[in-house]
Amino acid sequence: ARICFAPNFIVPVIKVASGDVSVSEVLPDELKEWDTILLQRGVTVSAIESVADEELGHKAKELRRLAGQWREPVASLTDIPSMLVSKMATIGVRTSEHTADNWLRGRLKIAPQDENLKALAKLCADRGKPFDIKTCLKSSSVVELAHRNAGRALVRHFKEKLPSILKAKHGNLESGMVIAVGKREIIVDFYTVASLSPKLTAVKISDLNQVVDYDELLNES
């Protein structure tokens, strides 16, 4: 599986040595080959998203709506990633087919990065399908910050809970492990970093237990 990280996404890295377990907060560009990372098994609403919504409170639904107002206008431009890449190039912005495909298939959790979002807004406006770029940028930054805070909160939780869970399992990392987070239970899997992309924007990973296949675990933002 190949995982794409948002620039500020917090990745929990697990180390087990001589019966001791440690969990550290690592940013994507700090990952190293052979690191063991913890990820939630694919769900419609991730633990990070639900914890973030708790922080955002009653404004969560509206903020996500405003942050996601780019989706329908962008989808109206084309349904072919290579065509969207070409359209972006005409206004001087380079992107990959992989990224464009994520936009068109609805895989992006929040919004494209600012430069890309502004370019998409221009393309949509030229096509007569404008969206409010200012509120989109403002709302997406608020939602993204809540996601980062949620990621850090979950890492702190893993630091507290994981050692006792692993002690009961004799230090074995097993994909499919259930961890209680407040009133919710989440299923986590453990992966080894197999390789890093040149710009550290993506990581190739392999499941320790060979039990789960992922397509895209986390996309641009």
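When reading the values below, keep in mind they use all heavy atoms of this one structure, side chains included, and skip hydrogens, waters and symmetry mates. Residue numbers count from 1 along this sequence.
Nearest approach of Leu31 to Val26, heavy atoms of both residues: N-CG1, 3.8 Å. Across all non-hydrogen atoms, the minimal contact from Ser24 to Lys159 is CA-CE, 4.3 Å. Of all non-hydrogen atoms in Ala60 and Asp53, the two that sit nearest each other are CB-OD1, 3.7 Å. Residues Ala100 and Pro81 come closest through the heavy atom pair CB-O, 3.7 Å. The heavy-atom pair separating Ala150 from Ala52 by the smallest distance is CB-N, 3.7 Å.
How far CG of Leu154 is from NZ of Lys161: 13.0 Å, rounded to the nearest 0.5 Å. The distance from the CD1 atom of Ile80 to the CG atom of Leu104 is 9.5 Å, given to the nearest 0.5 Å. The line from CG of Leu137 to CD of Gln113 is 12.0 Å long, rounded to the nearest 0.5 Å. Here the OG1-CD distance, from Thr95 to Glu115, works out to 9.5 Å after rounding to the nearest 0.5 Å. One finds the NZ atom of Lys138 at 8.5 Å from the OG atom of Ser141 (value rounded to the nearest 0.5 Å).
In terms of the side chain to side chain donor-acceptor pair (under 3.5 Å) criterion, residue partners of Gln69 (sequence neighbours excluded) are, by chain and number, Thr135. Taking the salt bridge (charged side-chain N to carboxylate O under 4.0 Å, His left out) definition, one finds that Asp101 meets it with Arg105, Arg107, sequence neighbours left out. In this structure, the side chain to side chain donor-acceptor pair (under 3.5 Å) partners of Ser50, at least two apart in sequence or on a different chain, are Arg184. Applying the salt bridge (charged side-chain N to carboxylate O under 4.0 Å, His left out) rule to Glu62 yields the partners Arg65; only residues at least two apart in sequence or on another chain are considered. Taking the salt bridge (charged side-chain N to carboxylate O under 4.0 Å, His left out) definition, one finds that Glu33 meets it with nothing, sequence neighbours left out. For Asp132, there are no salt bridge (charged side-chain N to carboxylate O under 4.0 Å, His left out) partners, not counting sequence neighbours.
Residues Pro12 and Ile37 have side chains not in contact (no heavy-atom distance under 4.5 Å, counting atoms from C-beta outward). Counting heavy atoms from C-beta outward, Val93 and Leu120 have side chains that stay 4.5 Å or more apart. In this structure the side chain of Leu123 never reaches within 4.5 angstrom of the side chain of Lys129, judged on heavy atoms. Considering only heavy atoms from C-beta on, Glu30 stays 4.5 Å or farther from Val13 through its side chain. Under the 4.5 Å side-chain criterion, counting only non-hydrogen atoms from C-beta, Met177 is in contact with Leu162. The side-chain heavy atoms of Val23 and Glu160, taken from C-beta on, include no pair separated by under 4.5 Å. Contact of the Glu49 side chain with the Arg64 side chain is registered, since non-hydrogen atoms from C-beta on lie closer than 4.5 Å. You'll find the side chain of Cys136 stays beyond 4.5 Å of the side chain of Leu66, heavy atoms only.
Checked against Trp70 for a side-chain contact (heavy atoms from CB on, under 4.5 Å), the options Ile133, Asn116, Leu117 give a single hit: Leu117.
In this structure, the side chain of Glu55 does not engage the main chain of Asn149 through any donor-acceptor pair within 3.5 Å. No side-chain donor-acceptor contact under 3.5 Å links Thr192 to the backbone of Ala194. When atom types are taken as modelled, the side chain of Ser175 and the backbone of Phe190 share a donor-acceptor pair closer than 3.5 angstrom.
The hydrophobic cluster containing Ile91 also contains Trp103, counting ILVMFWY residues as joined when their side-chain heavy atoms lie under 4.5 angstrom apart, directly or transitively. Both Val193 and Leu39 are part of a single hydrophobic cluster, where members link through side-chain heavy atoms under 4.5 Å apart. Using a 4.5 Å cut-off between side-chain heavy atoms of Ile, Leu, Val, Met, Phe, Trp and Tyr, with links allowed through other members, Val155 and Leu27 fall into the same hydrophobic cluster.
The residues Asp126 and Lys122 are annotated as salt-bridged, a charged nitrogen and a carboxylate oxygen being separated by less than 4.0 angstrom. A salt bridge links Glu144 with Arg148: at least one charged nitrogen is closer than 4.0 Å to a carboxylate oxygen.
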Checklist entry - What do the steps show when you test Thr99 against Val85 for side chain to side chain contact (heavy atoms under 4.5 Å, CB included), and what is the final call? => result CA-CA 9 Å; Thr99 297; Val85 169; over 6 Å; no

Checklist entry - For Ile179 and Ile165, what are the C-alpha separation, side-chain angles and deciding distance, and is it a side chain to side chain contact (heavy atoms under 4.5 Å, CB included)? => result CA-CA 8 Å; Ile179 297 180; Ile165 293 173; 3.9 Å; yes

Item to check | Derivation and outcome, side chain to side chain contact (heavy atoms under 4.5 Å, CB included), residues Arg94 and Met88 | outcome: CA-CA 6 Å; Arg94 297 179 60 187; Met88 294 283 280; over 6 Å; no

Checklist entry - Between Ser22 and Ile14, is a side chain to side chain contact (heavy atoms under 4.5 Å, CB included) present by the stated rule, with each step listed? => result CA-CA 6 Å; Ser22 65; Ile14 316 299; over 6 Å; no

